[in-house]
Amino acid sequence: MHYEAVLFDLDDTLYPYEPAAATARAAAFERARALGYEFDRSTFADLYETGRRETKRELSGVAATHGRHNYFKRGLELVTGESRPADALALGDAYWDAFLDAMEPAPELSATLTAIRDAGAAVGITTNLTTRIQLRKLSRLGVAAAVDTVVTSEEVGREKPGSAMFTVPLARLDCAPSETVVVGDNVTADVGGGNAVGLDTVLLDRDDSVDTEDLPERHRPDHTVDALAAVREVVA
């Protein structure tokens, strides 16, 4: 089927997330040591997870729940009993600088986006997290020029699977749900969110770990692929 638009998730869809995140956490740990903190890796991991948990508990359904500066700010406050904004800034910056340096695009990412546009379809990005970080990621991946619109949960004020994360890019691209397919790795955020507004959905399941037959109907994708390049066969 020919589509007028293809909406992509960003994290763990256009690139593998965890290798970059692991490098970023290690860089933040080294920065903490350089600042004079005597954390071992386990203690620092606990600080990060504590900050992450408390941020998500205190905030809900907004992009700030993903803010690593928030995680380090809350983690340091809870572990040290003090507000240490300068150190939180340093740790957050170290995290994201290392993350971006470590990012590697998915195989055939650029070729896939180019092929979709050459076939006459628009390319959109719909992604949870803050705008600045997600724009930096797209720049790092070298695909910003191949994208027709980017929508983040920060600008919309809702996270996927919220309907606005799909209806806003549709409006910007002037496309109907019946003309659009969404591609992502998450059965709830990407597939469930897309299904709810009438989009066709593609689950990117690189390690073949999802048994789609066991999923509830609302989370069941129309198509499943194991590589980003295979999306071209679906949308051609």
Side-chain angles (χ1 to χ4, degrees), residues 1-15 17 56 59-67 106 109 112-113 115-117 119-138 141 143-206 210 212 215-225 227-228 230-236:
M1 175 178 176
H2 173 73
Y3 294 97
E4 295 298 320
V6 183
L7 303 182
F8 286 93
D9 171 53
L10 201 168
D11 298 301
D12 237 4
T13 297
L14 302 189
Y15 73 99
Y17 171 83
K56 291 185 178 297
L59 306 173
S60 178
V62 295
T65 62
H66 304 282
L109 169 59
T112 298
L113 299 187
I116 290 170
R117 285 168 59 93
V123 171
I125 305 294
T126 177
T127 175
N128 291 344
L129 223 153
T130 55
T131 301
R132 184 172 186 273
I133 289 296
Q134 299 307 74
L135 295 181
R136 290 181 69 191
K137 289 176 183 176
L138 288 172
L141 292 170
V143 297
V147 174
D148 296 290
T149 193
V150 180
V151 174
T152 69
S153 58
E154 180 182 41
E155 64 182 298
V156 170
R158 296 288 187 274
E159 298 245 283
K160 289 186 291 184
S163 61
M165 289 298 293
F166 304 94
T167 58
V168 169
L170 288 178
R172 291 182 181 176
L173 295 172
D174 193 24
C175 289
S178 61
E179 301 171 327
T180 307
V181 62
V182 61
V183 181
D185 67 293
N186 189 290
V187 296
T188 301
D190 302 312
V191 175
N195 284 343
V197 296
L199 306 181
D200 281 358
T201 53
V202 178
L203 175 66
L204 177 58
D205 183 17
R206 289 191 174 93
V210 179
T212 57
L215 294 173
E217 186 66 29
R218 67 183 183 279
H219 291 159
R220 197 170 297 168
D222 295 296
H223 309 275
T224 302
V225 298
L228 195 63
V231 172
R232 283 181 279 181
E233 300 174 12
V234 175
V235 305

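In this structure a side-chain-to-backbone donor-acceptor pair under 3.5 Å is missing from T13 to L10. Judged by distance alone, the side chain of E154 and the main-chain N or O of T131 form a donor-acceptor pair under 3.5 Å. Of the possible donor and acceptor atoms, one in the side chain of R220 sits under 3.5 Å from a partner among the backbone N and O of L215. A distance-only check finds a donor-acceptor pair linking the side chain of E179 to the backbone of A176 [under 3.5 Å]. A side-chain donor-acceptor contact under 3.5 Å links T201 to the backbone of D222. Put simply, the side chain of N128 gets close to the backbone of K160: a donor and an acceptor are under 3.5 Å apart. Side-chain atoms of D190 come within 3.5 Å of backbone atoms of D185 as a donor-acceptor pair (strictly under, hydrogens ignored).
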| For D148 and R172, what are the C-alpha separation, side-chain angles and deciding distance, and is it a salt bridge (charged side-chain N to carboxylate O under 4.0 Å, His left out)? | CA-CA 9 Å; D148 296 290; R172 291 182 181 176; over 6 Å; no
| Can you list the steps and then say if L14 with L141 is a side-chain contact (heavy atoms from CB on, under 4.5 Å)? | CA-CA 8 Å; L14 302 189; L141 292 170; 4.1 Å; yes
| task | May I have the step-by-step check of side-chain contact (heavy atoms from CB on, under 4.5 Å) for N195 and R218, ending in yes or no? | result | CA-CA 6 Å; N195 284 343; R218 67 183 183 279; 5.6 Å; no
| task | Before giving the answer on side-chain contact (heavy atoms from CB on, under 4.5 Å), spell out for F8 and V147 the whole-Å C-alpha distance, their side-chain angles and the decisive distance to 0.1 Å. | result | CA-CA 10 Å; F8 286 93; V147 174; over 6 Å; no
| Where do D11 and Q134 land on the side-chain hydrogen bond (donor to acceptor under 3.5 Å, both in side chains) test, with the steps shown first? | CA-CA 9 Å; D11 298 301; Q134 299 307 74; 3.0 Å; yes
| task | For T224 and L204, run side-chain contact (heavy atoms from CB on, under 4.5 Å): C-alpha distance rounded to whole Å, both residues' side-chain angles, the deciding distance at 0.1 Å, then the answer. | result | CA-CA 6 Å; T224 302; L204 177 58; over 6 Å; no
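Closest heavy-atom contact between F166 and L7: O-CD1, 4.3 Å. In terms of heavy atoms, P169 sits closest to A164 at CD-O, 3.9 Å. The shortest heavy-atom contact between G194 and V182 is CA-CG1, 4.0 Å. Nearest heavy atoms, H219 versus G192: CD2-CA, 3.7 Å. The two residues T112 and L228 have their closest heavy-atom pair at CG2-O, 3.8 Å. A64 and L59 make their closest contact through CB-CD1, 3.7 Å (heavy atoms, listed as atom of the first residue, atom of the second, distance).
Using a 4.5 Å cut-off on side-chain heavy atoms (C-beta onward), Y3 and D200 make contact. At a threshold of 4.5 Å between non-hydrogen side-chain atoms, the residues L129 and K137 count as touching. Residues T212 and P221 have side chains in contact (heavy-atom distance under 4.5 Å, counting atoms from C-beta outward). Side-chain contact between P177 and V197 is absent, with no heavy-atom pair separated by less than 4.5 Å.
If you run side chain to side chain contact (heavy atoms under 4.5 Å, CB included) between V234 and each of V183, V6, V202, only V202 comes through. Checking each of T127, V62, T152, T65 against E159 for a side chain to side chain contact (heavy atoms under 4.5 Å, CB included) leaves exactly one that passes, namely T65.
Note: I125 CD1 to D9 CG = 8.0 Å, rounded to the nearest 0.5 Å. Interatomic distance, T130 OG1 to R136 CZ, rounded to the nearest 0.5 Å: 10.0 Å. Taking CZ of R158 as the start and OG of S163 as the end, the distance is 9.0 Å to the nearest 0.5 Å.
The neighbour count for R132 CZ, taken as heavy atoms of other residues, nucleotides or ligands under 6.0 Å away, does not exceed 12.
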